2 protein chains.
Amino acid sequence: MTRRSDKRMRLILAANRLIHRKGYERTSIAEIAKEAAVPPGNVYYYFKTKEELVDAMIARRNAFISAWLSDIDKDGDPELKLTRFVDEFEKTSKSRAEHGCPVGGLCHDANRIGGTFADQAGAAFRTLLEWLARQFVELGDDQERAKANALHLFSVLEGATLFAHTFREPGIVEAESARLKAWLVSLATSQQP
Amino acid sequence: MTRRSDKRMRLILAANRLIHRKGYERTSIAEIAKEAAVPPGNVYYYFKTKEELVDAMIARRNAFISAWLSDIDKDGDPELKLTRFVDEFEKTSKSRAEHGCPVGGLCHDANRIGGTFADQAGAAFRTLLEWLARQFVELGDDQERAKANALHLFSVLEGATLFAHTFREPGIVEAESARLKAWLVSLATSQQP
DNA sequence: GTCTATAGGCAGATAGAC
DNA sequence: GTCTATCTGCCTATAGAC
C-alpha cells in the first residue's frame, strides 16, 4: 500500500474545509474528492459511506479541540485560561463572519440528520463546556453556578457568531468577546457579582 | 379559480413547518406538497421555483414578526417590553430544544445557499435587533450602547437556543432567559451597570 | 385554470477492471 | 491494493393532458 493514510487524511481535511464552508448537505463526495485530489468515486475505497467520512472528520476535530484545551491548561490561572478561550473566538472572528462556527454549524446540520451523528458532533460542545465549568469552579463557583456560567459564556460566543455570520460582521464577535473578558475580570476581582 | 390562494397558503404553511424541522436542504418540494395536501408536482403551478416558495414563506414570517413587535409595543414601558421579548423565548423553549430557532436556522441555511436568500432571512434579525435597540434607548442608553446591548441580549438567546437544540435541553433557554431578565431589572433600576 | 406524467441532472453507492 | 465505469434513486422542474 502506497501510503493509504495519506489520501485518507487528505479526504478528511478536504471534508473539514468544505463542510465548514458549505455545510454537510451541500458538500458532495465528488467535491471532497476533487478538493483532496483523489479520483472521484474512489472515496468509497477509504470510507464506506459519506457518514463514515464525516465521522472520521468529527473525531479528528474533537481530538484537535482536546489538544487545544490541554495546551491552554498549561497556564495555571483560571482567569487567564478563560481569557485565552475567549481570545480564540476573537482571533477567528473573520472566519466566523464568513462561514460561521465550525462546531455550531455541524451541530446544526447533525441535528437535522439525526442518528448517531448529533451525539458525535455535540461531543465537542460537551467537552468545551465541561472544561469551562472546571475553570469557573477554580474561580470559586459551586458546581451549579460554574455550569451556568460556562453555558452563559459559550452561548454569548455562539450567538455572536451566528449574528456575525448573518451580517458578515466580524466586529460582532469581537465586541461580545471584549464584553465577556470585562465580565471575567469583574468576576475574578470580586469573587462573584 | 377555486380559491387559488388557499392552496398557495397551505403550501407556505407546510414549508414553514417542515423547513423549521428539517432545514431547507432536506425539505423537498414533494414533501411540502404532501404536507399541504396538494398534488405532488403541482407546486410549480403556484411557485416557479422552490426558492420562490421559500421567499414567500420568509416574507410571511417577517410580517408575523413585525406584527408581534407591534403588539408588544402597546405596552409603554421599555423594561416590560424587553421582558416580554425574552419571555417569548422561554415560552418556546421546548420547540427550540427540539428544532432550533426558526429564524436562526434559516439564516444558517441561507448563508450556505447565498444569493438574495441570506438578506431576506437576515431581515428578520435586523428588524428584531433594531426594535431591541430602541427599547434600550428608551431605558437611557445612547445609540451605540443600545445597539451593543440589543446584540448582546439576542446573542445570549440564540446561543442558548443552539445549545438547547444540541443537547435537547429546553432548560438551557429557560436558564439564560431568567439570567437576562435579572439583568434587565438591574439595568432599569440602576440606569446602567 | 388545474393537475399529471415525465424529463433531466446529480447525488450516493457498487461491481468489477486494472 | 487501487481506481473507474456505471447503477439506482431522488430531487427540481417542465411540457402538455384534462
Side-chain angles (χ1 to χ4, degrees), chain A residues 1-58 106 109-110 112-118 120-121, chain B residues 1-58 106 109-110 112-118 120-121:
Chain A
M1 63 165 167
T2 66
R3 301 181 68 204
R4 170 202 169 102
S5 55
D6 180 35
K7 283 192 184 172
R8 197 187 140 88
M9 184 53 72
R10 258 153 55 203
L11 285 167
I12 291 174
L13 294 173
N16 191 49
R17 279 191 296 273
L18 288 171
I19 288 177
H20 182 198
R21 278 159 210 212
K22 322 198 348 162
Y24 178 85
E25 305 295 341
R26 294 179 79 87
T27 302
S28 72
I29 294 278
E31 269 176 306
I32 294 172
K34 195 185 169 190
E35 171 97 358
V38 166
N42 182 15
V43 177
Y44 290 90
Y45 174 63
Y46 298 98
F47 301 96
K48 276 202 286 292
T49 63
K50 181 182 183 181
E51 205 170 306
E52 202 178 282
L53 200 179
V54 178
D55 272 343
M57 183 206 82
I58 297 175
L106 193 66
D109 291 351
R112 258 88 176 262
I113 298 163
T116 138
F117 234 72
Q120 266 270 84
Chain B
M1 61 164 167
T2 67
R3 303 181 67 205
R4 169 202 171 100
S5 54
D6 180 34
K7 284 192 184 172
R8 199 188 138 87
M9 183 54 72
R10 258 154 53 203
L11 286 167
I12 291 175
L13 294 173
N16 191 49
R17 279 191 296 274
L18 287 171
I19 287 177
H20 182 197
R21 279 159 210 212
K22 322 197 350 162
Y24 178 85
E25 304 295 341
R26 294 179 79 88
T27 303
S28 72
I29 294 278
E31 270 176 305
I32 295 171
K34 195 186 169 188
E35 171 98 359
V38 167
N42 181 16
V43 176
Y44 290 90
Y45 173 64
Y46 298 98
F47 301 96
K48 274 200 291 290
T49 62
K50 182 182 181 179
E51 205 169 308
E52 202 177 281
L53 201 180
V54 178
D55 272 345
M57 182 205 82
I58 296 175
L106 193 66
D109 291 351
R112 260 88 176 262
I113 298 163
T116 138
F117 235 71
Q120 267 270 85

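Chain letters run A, B, ... following the sequence lines, proteins first and then strands; every chain starts at 1. Model, not experiment: these values are computed from the prediction.
Rounding to the nearest 0.5 Å gives a distance of 9.0 Å between CD of A/Glu51 and CD1 of A/Ile58. Put simply, CD on B/Glu52 and OH on B/Tyr46 are 14.0 Å apart, with the number rounded to the nearest 0.5 Å. Rounded to the nearest 0.5 Å, atoms CG (B/Leu11) and CG (B/Leu18) are 11.0 Å apart.
Distances were taken from every side-chain heavy atom of B/Lys7 (C-beta onward) to each of D/dT4, D/dG1, C/dT2; the shortest belongs to C/dT2. Nearest nucleotide to the A/Tyr45 side chain, out of C/dG1, D/dG1, C/dT4: D/dG1. Nearest to the side chain of B/Thr49, among D/dA13, C/dC3, C/dG12, sits D/dA13.
Mapped onto DNA chain C by nearest heavy atom, A/Lys48 and B/Pro40 fall at different nucleotides, with B/Pro40 at the one closer to the 5' end.
Taking atom CD1 of residue B/Ile113 and atom P of nucleotide D/dC11, one finds them 16 Å apart after rounding to whole Å. If you take CG of B/Asn42 and P of C/dT6, they are 17 Å apart, rounded to a whole angstrom. What separates CG of A/Leu11 from P of D/dT2 is a distance of 13 Å, to the nearest Å. Regarding A/Lys50, its NZ atom lies at a distance of 12 Å from the C1' atom of C/dC10, rounded to whole Å. In this structure, A/Glu52 places its CD atom 15 Å from P of C/dG12, rounding to the nearest Å.
Side-chain atoms of B/Phe47 and B/Ile29, non-hydrogen and from C-beta on, never get closer than 4.5 Å to each other.
Phosphate proximity of D/dA15 to B/Tyr44: absent, as no side-chain N or O sits under 4.0 Å from OP1 or OP2.
No option in B/Val43, B/Asn16, B/Thr27 other than B/Thr27 meets the side chain to side chain contact (heavy atoms under 4.5 Å, CB included) test with B/Ile32.
A heavy-atom distance below 4.0 Å to DNA chain C is reached by these residues of residues 13-36 of chain A, ordered by number: A/Thr27, A/Ser28, A/Ile29.
B/Arg112 has no carboxylate O lying under 4.0 Å from a charged side-chain N of B/Glu25, or vice versa, which leaves the two without a salt bridge.
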